[in-house]
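Just below is one structure, and these are the notes that go with it.
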Number of protein chains: 2
Amino acid sequence: MSQMLQIYDQLREMILSLDLGPGERMTERWLEARFQGSRTPVRAALARLEGEGLVQREGRAWIVAPIDLRELEALEEFREPLEAMAVRLACARAGEADVAAIEAMLDACQPGVKREEWHRVGTDFHVEIARLSGNPFLVRAIEGVMALLSRARWLEVWTEPSREQAWAEHRRILALIRQKRAEEAAAEAVRHVRDTRDRLLRSLNEDRRGLRARGFAVVGAGAGAGAR
Amino acid sequence: MSQMLQIYDQLREMILSLDLGPGERMTERWLEARFQGSRTPVRAALARLEGEGLVQREGRAWIVAPIDLRELEALEEFREPLEAMAVRLACARAGEADVAAIEAMLDACQPGVKREEWHRVGTDFHVEIARLSGNPFLVRAIEGVMALLSRARWLEVWTEPSREQAWAEHRRILALIRQKRAEEAAAEAVRHVRDTRDRLLRSLNEDRRGLRARGFAVVGAGAGAGAR
DNA sequence: ATTGGGAAATTGGGATACCAATATGGAATA
DNA sequence: TATTCCATATTGGTATCCCAATTTCCCAAT
């Protein structure tokens, strides 16, 4: 695999795992040393991550994209019609085997399974549904959205009942797809996105102070902006 | 402005204007000479265009993205819920002044106005509606979609009545936004996208032979794939 | 302790150098 | 004439190099 892709994957992982904090500054030369490649592949990787919105420019410098509550709100709003459409198309195009595979994914998450796994499956569920739609643009868009939501989902406080509710909604969506009840499935997907948004934003808003204390740049909605 | 952005803009324009044909091969060194910059900014520009889907890799080489009829179909499908959502949100958030500005744009297109202008306004209409939604992700997504549709729209045979129909639909959508009749506006947007898709795909399918003869790589739907 | 100013170090943007891999062209051969 | 095969040119990927623009940091003046 090309060095550029290796660096891209590693850096992306560091960002998504909060190994690099939101708002943190990076220099190309630091990355060059960190990943032992020259600046050329480093810059290519940065360019790609910038396109995904995981990295931004601050003047001439590079920063890990801060977590912006207003942006998260816009993302969930953007997601809503995508998820609805994905589910609608999945009803028309998915086979029983496809649905069963996703169901197995959900089933694998039981109390006791570790946090990372819940997090991954909670993301993949939506991507896999999008795949059932057969529309590559829908897949790409939902992948992008989930990546941008991912870090916030780590920071969210996951209570037992809220996790339970999310999974119940996932199951309900899947069941409706299986029965090919497209409009009900779409409506359920919209409900799920809205619930998710409410939980996420409420949690982050309440804990904003704590997040800042942990050194994360968290901006937007409610209090003053104060970019980094 | 940085050289990278200059090269990006110029190359993008060459692609969108069909100055570089779909499927055409480019070497980095040719671009370097063509735009008199070194490979560094050329490669950065290519990376960005690749992210937008206007440029692709073919093995190790770069090619202008071919026009893929199946992809266009998927794009219109993807667009549909975006446009509907944009229109719905515009109803909730747009002011009369915003609507009037877009109306003026439409009015500027009269018989006799040149093709480029119709083409541009036909694109900008959708982007501007998305802007009224206030959601930057919706704007970016629709910009991206319209860019990918743009070349096909040049190739489409625009008959007088079809152009008339498109503008009538634009006006109807705008009127419903003005009256804040969100659901009717969304339904009209969906209808418009579907009409557009039908016109576009019918036209291109009928003329596929002619397009190939003009040296364009046109793939997908109906006949054999035959990548490039 | 605070502030101002300026030299020095560092940074990102661009140009160039180098390399392995691939593509090309043409001569030798059938 | 058609085909094989190898020398050569070209290509994209990477590493460096150079430069102008910032940023950093130290020290003198307040």
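Each chain gets a letter, A, B and so on, in the order its sequence line appears, and its residues count up from 1.
When heavy atoms are screened at a 4.0 angstrom cut-off, A:S2 is found touching the sugar-phosphate backbone but no base atom. At a threshold of 4.0 angstrom between heavy atoms, the contacts of B:G37 are confined to the sugar-phosphate backbone, with no base atom among them.
A donor-acceptor pair is defined here as one N or O able to donate and one able to accept, closer than 3.5 Å; such a pair exists between the side chain of A:H119 and the backbone of A:S150. Proximity of a side-chain donor or acceptor of B:R153 to a complementary backbone N or O of B:L200 within less than 3.5 Å is not detected. Here the side chain of B:R212 pairs a donor or acceptor atom with the backbone of B:V218 at under 3.5 angstrom. Remark: the backbone N or O of B:R202 is not paired with any side-chain donor or acceptor of B:N205 at under 3.5 angstrom.
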Under 3.5 Å, N/O pairs linking protein and nucleotides 9-11 of chain D:
residue, atom, partner, partner atom, Å
D:dT11, O2, B:R60, NH2, 2.8

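In the interface, the side chain of A:R43 is paired with the base of C:dG14 through a donor and an acceptor atom under 3.5 Å apart.
Whole-Å rounding puts the B:L5 CG to C:dG12 C1' distance at 14 Å. In this structure, A:R25 places its CZ atom 9 Å from P of C:dG12, rounding to the nearest Å. C:dA15 atom C1' lies 16 Å from atom CG of B:L31, rounded to whole Å. Between the CD atom of B:Q3 and the C1' atom of D:dA20 there is a distance of 14 Å, given to the nearest Å. Rounded to an integer number of Å, the gap from A:E32 CD to D:dC17 P is 11 Å. When rounded to the nearest whole Å, the span between CD of B:E58 and P of D:dG12 equals 12 Å.
The side chain to side chain contact (heavy atoms under 4.5 Å, CB included) test with B:R34 is passed by exactly one of B:M26, B:R29, B:M14: B:M14.
Salt bridge present: A:R12 and A:E52 bring a charged side-chain N and a carboxylate O closer than 4.0 Å.
Counting heavy atoms from C-beta outward, B:W62 and B:E50 have side chains that approach closer than 4.5 Å.
In terms of phosphate contacts, A:S38 brings a side-chain nitrogen or oxygen within less than 4.0 Å of OP1 or OP2 of D:dA15.
The partner of C:dG13, taking Watson-Crick or G-U wobble pairs whose two distances both stay under 3.5 Å, is D:dC18.
Distances from the side chain of A:R39 to the nucleotides C:dA15, C:dG13, D:dA15 place C:dG13 closest. With D:dT14, D:dG12, C:dG12 as the choices, the nucleotide that has an atom nearest any side-chain atom of A:R57 turns out to be C:dG12.
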